[in-house]
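What follows is a single structure, written as structure tokens, with notes after it.
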Amino acid sequence: MCLICHKYGQTKQVSGYHECQYCKARIADVLPDNKAVQKVLEDHAQSYMLGNLETFDLLTYTKRVDVLKKYSKSAKTILDFGCGNGNFVKFLTSNKYNAFGFDKSEDIKKHLKIQNTPFYKSEEEIPNRHFDVITCFDVIEHTTNPRIFIQILTKKLKKGGSLVLSTPNSQSISAWVLGNKWWVFGPTAHFILFSTFSLKQLLTDMKYRMKLTRAEARGF
């Protein structure tokens, strides 16, 4: 049974992944335990903090806020889950939002504290039914059970709140052209690669109403 769409059917082997022939999600042949996942997060932490993997991109952050305003005009309290170096949290704060970050990396937590970025130290510390919007950019592909991951985020949202997330598209032109050389490709760090259809399938199954267009998603 596919971990994403819960359909039974054939899978295709794709260099360390098996691809569901129904929803086209690619799932690593070997899904790591929590300890191994944490190691991957810590291995990437320094690059995020130094800005090699996430820069303070004013245009990108402005586009993100434009989407927030479009679909959640009254939003005030925002959680950036998987916040990396915390720059987007700072950008939100400078735009008068009550913003907080969270990241599982212990090294990133130390960095956020030094930078005086408002953040939560643990998932348990994040209040339930509290946030108007939760943003989650390029995080879900690093999870081993996306359904539980979405359930956790949903508990933190107010009733009627919005979840804004992005993830690389495994059926994109760049993925198709580059194949195994696609920068996202790698089952030891990106455990699940979503197609547009598989991500919609997952969120629809979990009672979310899809609002973003593919063009808007690419803007992130």
Side-chain angles (χ1 to χ4, degrees), residues 1-12 14 17-29 31 37 60 63-75 77-83 88 102 104 123 126-176 182 184-185 187 189-220:
M1 184 175 70
C2 176
L3 184 65
I4 305 304
C5 67
H6 282 183
K7 301 285 186 182
Y8 289 94
Q10 293 183 338
T11 59
K12 180 176 70 174
V14 187
Y17 294 95
H18 53 278
E19 180 181 276
C20 172
Q21 294 302 283
Y22 177 75
C23 73
K24 302 301 182 182
R26 292 179 177 178
I27 301 170
D29 292 336
L31 290 173
V37 171
T60 297
K63 287 182 178 179
R64 291 179 180 179
V65 170
D66 286 344
V67 171
L68 297 182
K69 290 179 178 178
K70 181 176 181 179
Y71 292 112
S72 189
K73 294 180 175 61
S74 61
T77 305
I78 299 176
L79 173 67
D80 188 25
F81 197 100
C83 64
F88 185 53
F102 172 74
K104 287 190 174 183
E123 288 181 8
I126 303 171
N128 292 335
R129 307 301 179 195
H130 183 72
F131 298 95
D132 299 309
V133 176
I134 295 178
T135 58
C136 188
F137 301 108
D138 297 334
V139 175
I140 195 170
E141 65 270 17
H142 298 287
T143 67
T144 56
N145 194 323
R147 287 180 180 267
I148 291 178
F149 177 70
I150 296 297
Q151 287 172 359
I152 291 170
L153 298 183
T154 302
K155 288 180 181 179
K156 307 303 179 182
L157 279 172
K158 291 180 181 178
K159 185 177 181 179
S162 297
L163 172 61
V164 179
L165 60 83
S166 69
T167 189
N169 180 1
S170 67
Q171 301 296 306
S172 66
I173 293 175
S174 60
W176 181 74
W182 186 39
V184 182
F185 201 91
H190 298 99
F191 312 125
I192 300 176
L193 303 180
F194 288 86
S195 65
T196 301
F197 179 77
S198 61
L199 184 60
K200 286 183 176 181
Q201 181 78 37
L202 173 67
L203 293 173
T204 300
D205 285 351
M206 301 188 74
K207 311 305 180 184
Y208 276 87
R209 288 190 299 117
M210 304 298 293
K211 293 184 178 181
L212 297 184
T213 67
R214 295 178 66 183
E216 286 170 333
R218 284 198 299 271
F220 295 143

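Positions are given from 1 along the sequence. This structure is a prediction, so every number in the text was calculated from the model and none was measured.
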Begin from the C-alpha positions of T154 and Y208 and carry the test side chain to side chain contact (heavy atoms under 4.5 Å, CB included) through to its verdict. CA-CA 10 Å; T154 302; Y208 276 87; 2.6 Å; yes
Over all heavy atoms of both residues, which pair between I4 and S198 is shortest? Give the atoms and the distance, please. CG2-O, 3.6 Å
Which salt bridge (charged side-chain N to carboxylate O under 4.0 Å, His left out) pairs, counting each pair once, include a residue from residues 126-137, with sequence neighbours left out? D132-K158
Any donor and acceptor pair, going by atom type alone, linking the side chain of K156 with main-chain N or O of I126 inside 3.5 Å? yes
Between H18 and I27, is there a donor-acceptor pair closer than 3.5 Å when you use the side chain of the first and the backbone of the second? yes
Applying side chain to side chain contact (heavy atoms under 4.5 Å, CB included) to S174 and W182, what does each step give before you reach the verdict? CA-CA 7 Å; S174 60; W182 186 39; 3.4 Å; yes
Checking the side chain of K73 only, and the main-chain atoms of K70 only, is there a donor and an acceptor separated by less than 3.5 Å? yes
Would the distance check show the side chain of H142 and the main-chain N or O of A189 forming a donor-acceptor pair, the cut-off being under 3.5 Å? yes
Donor-acceptor contact below 3.5 Å, side chain T143 vs main chain I140: yes
Please assess V14 against L193 for the test side chain to side chain contact (heavy atoms under 4.5 Å, CB included), listing each intermediate value before the final yes or no. CA-CA 11 Å; V14 187; L193 303 180; over 6 Å; no
Dump the intermediate steps for side chain to side chain contact (heavy atoms under 4.5 Å, CB included) on Q171 and F197, then the final yes or no. CA-CA 9 Å; Q171 301 296 306; F197 179 77; over 6 Å; no
Ignoring hydrogens and geometry, is there a side-chain-to-backbone donor-acceptor pair from H190 to V184 under 3.5 Å? yes
Kindly say whether G161 contributes a backbone atom to a donor-acceptor pair with the side chain of S72 at under 3.5 angstrom? no
So, the side chain of S170 versus the backbone of F194: is there a donor-acceptor pair under 3.5 Å, distance only? yes
Within this structure, what is the OG1-CG distance for the pair T77 and L157, rounded to the nearest 0.5 Å? 11.5 Å
Interatomic distance, SG@C5 vs NZ@K200, rounded to 0.5 Å, equals 15.5 Å
